Amino acid sequence: MGNLYVDPIIENHKNLLEITEKEFNDLVTVLNAVTNEKDRVLSIKTKAGEIIASRYTIIWQLNHPRTDETYKAEYEWIDKIREISNKAELEGTALEDISWNLI
């Protein structure tokens, strides 16, 4: 197959970029990987938020200050869920492979 032409600024044909089909496919592969990673991270953050909100709703969190020692255990639990989430995010763990062992 021939070369593919990508023109980022259609009006200015002096800036045409010539790439091969393989280079184009490699670029698509990279963009898909980036999208998949963003989706993976978003799914982890969403699940962590759901777990936390199932026990301590946003309203509860707003009405019970983190700095009040009375709620130390509750906020430690919340922080541990976030820690599991952050660790999975950094290590590239898939959502279905995360052990939310505090639930």
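Sequence positions, counted from 1, serve as the residue numbers for this chain. Because the structure is predicted, anything quoted here is derived from the model rather than measured. Note that these values count all heavy atoms, side chains included, but never hydrogens, waters or copies made by symmetry.
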inquiry  = Looking at S85 and I81, would you say the former's side chain and the latter's main chain have a donor-acceptor pair under 3.5 Å?
reply    = no
Heavy atoms, side chains only, cut-off 4.5 Å: are I98 and K47 in contact?
no
Would you check if I51 and W77 make a side-chain contact, meaning some heavy-atom pair closer than 4.5 Å? yes
* Taking it one step at a time, do R82 and I52 satisfy side-chain contact (heavy atoms from CB on, under 4.5 Å)? -> CA-CA 9 Å; R82 289 183 178 145; I52 292 168; 3.9 Å; yes
Applying side-chain hydrogen bond (donor to acceptor under 3.5 Å, both in side chains) to K38 and not counting sequence neighbours gives none
Report task. Report yes if some heavy atom in the side chain of Y71 is under 4.5 Å from a heavy atom in the side chain of Y56; otherwise report no. Result -> no
Those residues at least two apart in sequence (or on a different chain) that pass side-chain hydrogen bond (donor to acceptor under 3.5 Å, both in side chains) with R40 are E37
Separation between NZ (K87) and CD1 (I44), nearest 0.5 Å, reads 12.5 Å
For side-chain contact (heavy atoms from CB on, under 4.5 Å), just list the numbers for D79 and R66, CA-CA rounded to whole Å, side-chain angles, deciding distance to a tenth of an Å, and then say yes or no. CA-CA 11 Å; D79 291 342; R66 177 177 278 278; 2.9 Å; yes
Q. For T46 and L95, what are the C-alpha separation, side-chain angles and deciding distance, and is it a side-chain contact (heavy atoms from CB on, under 4.5 Å)?
A. CA-CA 10 Å; T46 300; L95 177 63; over 6 Å; no
Taken in chain and number order and not counting sequence neighbours, the residues that satisfy side-chain hydrogen bond (donor to acceptor under 3.5 Å, both in side chains) with D97 are none
Assess the residue pair R55 and W60 against the criterion (side-chain contact (heavy atoms from CB on, under 4.5 Å)); give the C-alpha distance rounded to whole Å, side-chain angles, the decisive distance to 0.1 Å, and a yes or no.
CA-CA 9 Å; R55 187 174 286 186; W60 184 93; over 6 Å; no
One should read off an interatomic distance between L31 CG and L27 CG, to the nearest 0.5 angstrom, of 4.5 Å
Quiz item: Can W100 be reached from V41 by stepping across I, L, V, M, F, W or Y side chains whose heavy atoms are under 4.5 Å apart?
Solution: no
